[in-house]
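This report concerns only the one structure given below.
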Protein chains: 2
Amino acid sequence: MPTLSEVARHAGVTPATVSNVLRNRGRVGETTRQRVLEAVDALGYRPHLAARALAEGRAPTLALMVSSIANPFYPEFALAVERAARASGNFVIICNTNDDPATGRAYLDQIAGTLSEGVLVTNANLHFADLHVTESRGTPVVLCMWERPNEPPGLPCVAVDFRLAGELAGKHLLELGHRRIGAIVGSKVSGIHATRYEGFVDALRVAGVRKNRVKHAADTIHGGYTAARALLEADPQLTAIFATNDLPALGAMHAAADLGLSVPTDLSVIGITDIQLARESRPALTTVAVPTVEVAGLAVSLLRELIESSYGHARRGKTKVPMRISSAPKLVVRASTDVPRSR
Amino acid sequence: MPTLSEVARHAGVTPATVSNVLRNRGRVGETTRQRVLEAVDALGYRPHLAARALAEGRAPTLALMVSSIANPFYPEFALAVERAARASGNFVIICNTNDDPATGRAYLDQIAGTLSEGVLVTNANLHFADLHVTESRGTPVVLCMWERPNEPPGLPCVAVDFRLAGELAGKHLLELGHRRIGAIVGSKVSGIHATRYEGFVDALRVAGVRKNRVKHAADTIHGGYTAARALLEADPQLTAIFATNDLPALGAMHAAADLGLSVPTDLSVIGITDIQLARESRPALTTVAVPTVEVAGLAVSLLRELIESSYGHARRGKTKVPMRISSAPKLVVRASTDVPRSR
DNA sequence: ATGAAAGCGCTAACAG
DNA sequence: CTGTTAGCGCTTTCAT
């Protein structure tokens, strides 16, 4: 691969001039400018990103921490992140923590500040302490989907009002006339879906519906399947099921099918997020959509701001921890919910 | 972030010595060794990956080109690639080409050799010419899922016998007694699924089944849905549908449902690949499994070999283009296929 | 066994 | 406008 100095030699100038031309740093004569440009593509020169980053004192990528890219929500988010990152000149490295804090820490230790100039964190089951460490070493961190806008996490974040999401789901079911509703709380491990469930419960309370059955489950189709079966067996009178995420909601639909219940006639099902599969399931899943693309954009731009303001240092001056709030989740009515069948 | 020389100063030695300690390059006294190690964790030193790569004359990551990480097969593959890459000391950058050759080229131009020391290519709709360019510039490229072991692509690759996959699918349907079978060929754009279809047709021919209906479609659930409807409307007597990929097969199941046909009683459906969704659909999809994890491992190790042998140069010496062959695809019978209902 | 020095490819003052 | 110089953080001969 040709280097800057080779190009310089070829054009009969110095490396500095070539660099100036390439970065449009003005102060370059038009004729040399041309000569340099010719040399550049005569040799097929391409800047060495790692070298450039080193010279500029920054790292060449952004890191995206996810628990597992195989969980269908993350690819969609990752795609949005990659687009936003690329628009601002960064490449992104995907770090699968596999829900293991130690793996997450290993990633952070290795790449934060050396390969990545910033870290984006989704629900990857990381210890906050580890995140604070990398932040204190000067690499900005932003949490991508903080669930409680009213309780800042002490780390820069973009917040999504997930309590509202739960509430909207609950209201939708109530408005259809459901009174006997089961709930599946996904994310058994992290407990992070609690807020969504609270919103749902609030909606019921306001409507004067006292009690509902809850079941915790893994945040997977299978987890939802198992939980839904348990729920339905414990109370065959249930007319609707709310799940804190689309995957378990999809599982609930499968469970219904296996129990001979048809959705939405015999059972309504609603989820949260609006992943692609929600649109593609049969029947299509009613859900509360989270603005994924917007969140990714906000996260990347917040991260870039922190990087450019060398947040790590500013932080010591007691700067407030920044938080961006995404637009509100929105109900998307599809085919999995309907009025309860009178029985 | 502390640097090597700071550690050196702290330990009262020179950077060279620290480097030697860290890389176990022998020739270091035990006492200094200890002192260095202490300094390292007193300061919390971590090597600067970009700087190290630069000094070593290599790039710090591997690039994985995919058309879109949102297509459910890729995340699974990406996860496997990441694991293999990490095991051999690399991080991976995901490059979504969005099926646009220009985007792919832009990625290759920017990162090949400067940020990535090797490139892994899935069906990302890249021009081979572009790949040859990056290869000729010294960055090894390997194709991850070459479909025709007997027709080497002129680029290093790991091949999967997809013709056989199609054949196995066809045979399975035939053995169940199906004679009137529709086929959906996904990947309309790249035409890359032709081989799979050929295998299927071969199986029919051998069995003396002359004709079958084919429909081309996008490699998506929706594409399969549309194609299946068209197929079923054109020939309501069809008792089975073969799709060249799981996603369209899943779509075919939806189509069947919407037409009031139950799977597998009224219609059998089979796909190829065995993505996670195939296990999670209702009914679970019968499919021909491709050894994804194995392929990812082979691809990464082949790529590493090429990198270490500086393949780019060797190549000029007319070296044979290497190809690895994965183990054979295997039929996985689930619930979407059965004997045809006599009607 | 350790140190000195050069250099990876690039950028960024500062001179001229 | 262009060149000179230094240096990013690390590795790697080559001396000592």
Side-chain angles (χ1 to χ4, degrees), chain A residues 1-37 39-40 43-60 89 110-117 137-139 310, chain B residues 1-37 39-40 43-60 89 110-117 137-139 310:
Chain A
M1 268 195 22
T3 72
L4 231 212
S5 1
E6 286 170 22
V7 173
R9 202 177 320 131
H10 191 96
V13 297
T14 71
T17 303
V18 177
S19 180
N20 283 335
V21 170
L22 262 30
R23 341 200 70 219
N24 293 316
R25 284 209 171 280
R27 56 276 193 71
V28 192
E30 190 48 30
T31 64
T32 33
R33 184 186 166 68
Q34 285 308 329
R35 239 176 332 130
V36 168
L37 258 19
V40 162
L43 300 186
Y45 168 79
R46 297 166 307 135
H48 193 295
L49 267 28
R52 174 178 282 183
L54 180 59
E56 286 176 336
R58 48 186 211 72
Q110 289 196 70
I111 72 179
T114 77
L115 204 50
S116 298
E117 57 174 346
R137 301 208 262 229
T139 304
S310 52
Chain B
M1 269 192 24
T3 72
L4 230 212
S5 359
E6 286 170 22
V7 173
R9 202 175 322 132
H10 191 98
V13 297
T14 72
T17 303
V18 178
S19 180
N20 283 334
V21 170
L22 261 30
R23 341 202 71 219
N24 293 316
R25 287 211 171 283
R27 59 277 193 67
V28 192
E30 189 48 31
T31 63
T32 32
R33 184 187 165 66
Q34 285 309 326
R35 241 178 327 132
V36 168
L37 259 19
V40 162
L43 300 186
Y45 170 80
R46 298 166 306 138
H48 192 296
L49 267 28
R52 173 179 284 183
L54 181 59
E56 285 176 337
R58 47 186 210 73
Q110 289 195 72
I111 73 179
T114 77
L115 204 51
S116 298
E117 57 174 346
R137 300 207 262 231
T139 304
S310 51

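In what follows, every heavy atom counts, from backbone to side chain, and hydrogens, waters and symmetry copies are set aside. Everything quoted here is computed from the prediction, not taken from an experiment. Chain A is the first sequence line, chain B the second, and so forth, proteins listed ahead of strands; every chain is numbered from 1.
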>> With a cut-off of less than 4.0 Å, is there a side-chain N or O of B:T17 near OP1 or OP2 of C:dG3?
In response: yes
> Is the shortest side-chain N/O distance from A:S19 to OP1 or OP2 of C:dC10 below 4.0 Å?
Replying inline: no
Rounded to whole Å, please give me the gap between [atom1] in [X] and [atom2] in [N].
X: B:R23; N: C:dT2; atom1: CZ; atom2: C1'; answer: 18 Å
X: B:R46; N: D:dC10; atom1: CZ; atom2: C1'; answer: 15 Å
X: A:M1; N: C:dC10; atom1: CE; atom2: C1'; answer: 11 Å
X: B:R33; N: C:dA1; atom1: CZ; atom2: C1'; answer: 13 Å
X: A:R9; N: D:dT2; atom1: CZ; atom2: P; answer: 19 Å
X: B:L4; N: C:dA5; atom1: CG; atom2: C1'; answer: 15 Å
X: A:E6; N: C:dC10; atom1: CD; atom2: P; answer: 9 Å
X: B:N20; N: D:dA15; atom1: CG; atom2: C1'; answer: 14 Å

Could you tell me if the side chain of [Y] sits less than 4.5 Å from the side chain of [X], heavy atoms only?
X: B:N20; Y: B:R33; result: no
X: A:V7; Y: A:T3; result: no
X: B:H10; Y: B:R35; result: no
X: A:V18; Y: A:Y45; result: no
X: A:R46; Y: A:M1; result: yes
X: A:R23; Y: A:R52; result: yes
X: A:T17; Y: A:T14; result: yes

> On DNA chain C, nearest-nucleotide positions of A:Y45 versus B:R35: which is more 5'?
Replying inline: B:R35
>> Heavy atoms only, 4.0 Å cut-off, all strands: where does A:T32 land among base, sugar-phosphate and nothing?
In response: sugar-phosphate
> Across the strands shown, which category fits B:T14 at heavy-atom distances under 4.0 angstrom: base, sugar-phosphate, nothing?
Replying inline: base
>> Both atom distances under 3.5 Å, Watson-Crick or G-U wobble: I'd like the secondary structure of DNA chain D as a dot-bracket string, with | for pairs made across strands.
In response: ||||.|||||||||||
> For DNA chain C, which residues in residues 48-58 of chain A have a heavy atom at a distance below 4.0 Å?
Replying inline: A:H48, A:A51, A:R52, A:A55, A:E56
